[in-house]
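Comments concern the structure below.
Here is how names work: the chains are called A, B, and so on, in the same order as the sequence lines, proteins then strands, and each is numbered from 1.
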There are 2 protein chains.
Amino acid sequence: MENKGNFGNAASTPAARERPTLKTIAFMTGLGVTTVSRALKDAPDIGAETKERVRMVARQLGYQPNRAGVRLRTGKTNVIALVLSIDEEIMGFSSQMVFGISEVLSGTPYHIVITPHSHSKDPMLPVRYILDTGSADGVIISRIEPDDPRVRLLSERGMPFATHGRTDAGLTHPFHDFDNEAFAHKAVEKLVERGRRRIALLQPPSKLTYYAHIRIGFQTGLHDYGAEEVPLRTNTDAPLADIRDVVEVMMRSANAPDGIVCSAGSAAIAVNAGIEAAGKALGRDLDMVSKQSVPILNWIRPEIITAQEDVRHAGREMAKAVIARIDGVEPELLQSISQPTWPESGR
Amino acid sequence: MENKGNFGNAASTPAARERPTLKTIAFMTGLGVTTVSRALKDAPDIGAETKERVRMVARQLGYQPNRAGVRLRTGKTNVIALVLSIDEEIMGFSSQMVFGISEVLSGTPYHIVITPHSHSKDPMLPVRYILDTGSADGVIISRIEPDDPRVRLLSERGMPFATHGRTDAGLTHPFHDFDNEAFAHKAVEKLVERGRRRIALLQPPSKLTYYAHIRIGFQTGLHDYGAEEVPLRTNTDAPLADIRDVVEVMMRSANAPDGIVCSAGSAAIAVNAGIEAAGKALGRDLDMVSKQSVPILNWIRPEIITAQEDVRHAGREMAKAVIARIDGVEPELLQSISQPTWPESGR
DNA sequence: CATTTCTACTGTATCGTTACAGATTGCATT
DNA sequence: AATGCAATCTGTAACGATACAGTAGAAATG
């Protein structure tokens, strides 16, 4: 009865020093490989006592299922692909997101694989690659457009995914978003509170969905608090040097604003440089409200009024959403929006 | 002669819509699976014409080898694991490194997997996990200590790896490092040039190898240029609020320094806050020289004299080193040190 | 007592790839 | 004509896990 079953035809006997496999456990318990596999999955047709024994031995051996074996047989990769734009933000935006995702994945068998791309190249490429090679069980993407072709493709192919930002074309899918409308609205309020009336907006590139959210929040804010817009012809994607130059020109012009709303932390730095280059100063000639995803603006220019976007939290939410989606939860239930927080100024 | 070989006993015929495998190519070319496999690897025992034909069909089908298959059979994972401390730096330090690594890996079959950990927990854990599960072909680690146990373990187990920073205990291994000694030395020079003589150093935690490099550069600098050290009792790992407080106290004290050398960009922000809290100002009462890995300090406090550390470049170098190591290149040949660059101040 | 049903377990085939140990063919050599 | 030998090509087994289709034995049923 000893050493039967799978070891009958196989020549090998499990070596002590190798990484344990199901075969090792099967050998040690005297059970079949199949039984061990099913026992570890808590299948209903395995005896309670047997399960217990298998689990004990597995634990003792430090058994970890071989990923390649599982993946080959079942097609499950246990990988979440994070598609990142390599020219995203200069300041740790994406690292915080990665860490948020990792936090959630650390309790699961999932690993995080970074799939980088440049947003000057075709943004479909990384997504197509993942789909064609089946190299992930789930995908996380950002920089979402209203009718994002990546979202369409992923949905079509039935690949679970979550987005950082929403679409706006009747597509239902898991997402996490920051309430940019609320941010922009409140930003205007904060400026008007300080007696500012002529306000410029440094907005995101118009192709991204949240451009519209920012615009709406900004414009209803202007309307609600009786302020007017001073046009600013650049966006948060522009090189910092360009932003500085454009702002400098604006600040030197006859109708310079007395308030600025800035949609990205790194851009706020350039805006401030432009303001100073024009001989103006925050807090004196004008005020600025900016979103930031890494809490540093307040450290350097306490005069900048900031709203905090918790990107790490966004990462957590998206990771949870993708996993839930993989587990079959309906997309409608996997959408969340987080509110800006307004830390008391200073520090 | 058609449809023979592997298709004789197998019931399946390759479906058109599925992802192509070697079997598909074998079917289309009328060759055996083994032949196709060897042809694609350019093995010497396959005819030139056959190779050409196989390559053509493979290209046409968009064949990509199944990673799980390769991994299961050969043990090669095609994964480079990047071990990242989730409490690393607040500012995009690690994202830039990730992108640098990605740049190099994009031309190879390697993927990058992030293995996060907290450096308050046992730093051996992620490394042991990778070794025990064989989940990567190569590893990249940072926050290196003089006699780093991770470096020892990885070497012992023959796992290819590269480090960001050096060890200092007779261990030979691939690394990329920033010349912190040169940085600190030059930093003192820059301060003395501006007439500063009493200099404080915000140093890295003493357990990290580059603590010594910074100290040596700093002290030889003091000696060479005839300046003296004002002690500063904190380090770059401390919470920003702590750094600010300690600096504030120091700046209020009788023997406040007239110069500061700062070993990390994010810490410089807190140092500056401390200076201002004490009612002092950079450029007037004292000067500061700081290292930065993301070029933003100059944007916000142009008065801070900065040395740039190109972390993206470091990522590239380490990725190249790991791959070379995997390919059997000797570790001695895979060590590089990059010099600080001193961008002209301003903007 | 024969038969069905249920419980607990097992062998075989398979995922895609590659190492290994042959085959087959044609051609030159003895 | 027999032999040797490259040059090409091929089948089989194996990596580790799991889906599937069983089997053996005990217990319940008629």
Exercise. For A:Val36 and for B:Val70, find the nucleotide of DNA chain C with the closest heavy atom, then tell me which residue's nucleotide is more 5'.
Key: A:Val36
Practice problem: Would you state whether a donor and an acceptor, one from the side chain of B:Arg73 and one from the base of C:dT17, lie under 3.5 Å apart? | Solution: no
Quiz item: Among C:dT18, C:dG16, D:dT10, which nucleotide sits nearest the side chain of B:Thr35?
Solution: D:dT10
Exercise. Let me see the working for A:Asp132 and A:Arg157 under salt bridge (Lys or Arg N to Asp or Glu O under 4.0 Å), right down to the final yes or no.
Key: CA-CA 10 Å; A:Asp132 290 348; A:Arg157 303 277 209 97; 3.4 Å; yes
Self-check item: Selected nucleotide, minimal atom distance to B:Thr50 side chain, candidates D:dC9, C:dT17, D:dG16
Solution: D:dC9
Quiz item: Among D:dT10, C:dT17, C:dT18, which is the nearest nucleotide to the side chain of B:Thr21?
Solution: C:dT17
Quiz prompt | Touch class at under 4.0 angstrom, heavy-atom based, for B:Gly32 against every strand present | solution = sugar-phosphate
Quiz prompt | Distance below 4.0 Å between A:Lys23 side-chain N/O and D:dG16 OP1 or OP2 | solution = no
Quiz item: Nearest to the side chain of B:Thr74 - C:dT10, C:dT18, D:dT10?
Solution: C:dT18
Quiz item: Backbone N or O of A:Gln64 within a donor-acceptor pair of the A:Arg19 side chain at under 3.5 Å?
Solution: yes
Quiz item: If you check every side-chain atom of A:Leu22, which of D:dT18, C:dT17, D:dG16 has the closest atom?
Solution: D:dT18
Self-check item: Between P of D:dT18 and CG of A:Asn78, the distance in whole Å
Solution: 10 Å
Practice problem: Can you tell me the distance, in whole Å, between the CD atom of A:Glu49 and the P atom of C:dC9? | Solution: 8 Å
Exercise. Nearest whole angstrom, please: distance from the P of C:dT17 to the CZ of A:Arg67.
Key: 20 Å
Quiz item: Under 4.0 Å between a Lys/Arg side-chain N and an Asp/Glu carboxylate O for B:Arg312 and B:Asp310?
Solution: no
Quiz item: Is the phosphate of D:dG11, meaning OP1 or OP2, less than 4.0 Å from a side-chain N or O of B:Thr34?
Solution: no
Self-check item: Protein-nucleotide distance (B:Ile46, atom CD1; C:dT18, atom P), rounded to Å
Solution: 13 Å
Quiz item: When you measure from the side chain of B:Asp45, which nucleotide among D:dA17, C:dG16, D:dC9 comes out closest?
Solution: D:dC9
Quiz prompt | Rounded distance (Å) that lies between atom P of D:dG16 and atom CD of A:Glu18 | solution = 8 Å
Practice problem: Report the distance from atom NZ of A:Lys41 to atom P of D:dG16, rounded to the nearest whole Å. | Solution: 16 Å
Quiz item: Which of the following nucleotides, D:dT18, D:dA17, D:dG16, is nearest to the side chain of A:Ser37?
Solution: D:dT18
Practice problem: Write down the distance between CG (B:Leu72) and P (C:dA19), rounded to a whole number of angstrom. | Solution: 13 Å
Quiz item: Closest to the A:Arg38 side chain: C:dT10, C:dT18, C:dG16?
Solution: C:dT10
Exercise. Could you state the atom-to-atom distance from CD1 of B:Ile25 to C1' of C:dG16 in whole Å?
Key: 12 Å
Quiz item: Is B:Lys51 salt-bridged to B:Asp42, cutoff N-O under 4.0 Å?
Solution: yes
Practice problem: Taking the six-membered ring for Trp and the full ring for Phe, Tyr or His, determine whether the centres of B:Phe175 and B:His164 are under 6.0 Å apart. | Solution: no
Quiz item: Under 30°, 30 to 60°, or over 60°: which ring-plane class applies to A:His173 and A:Phe161, parallel, tilted or perpendicular?
Solution: parallel
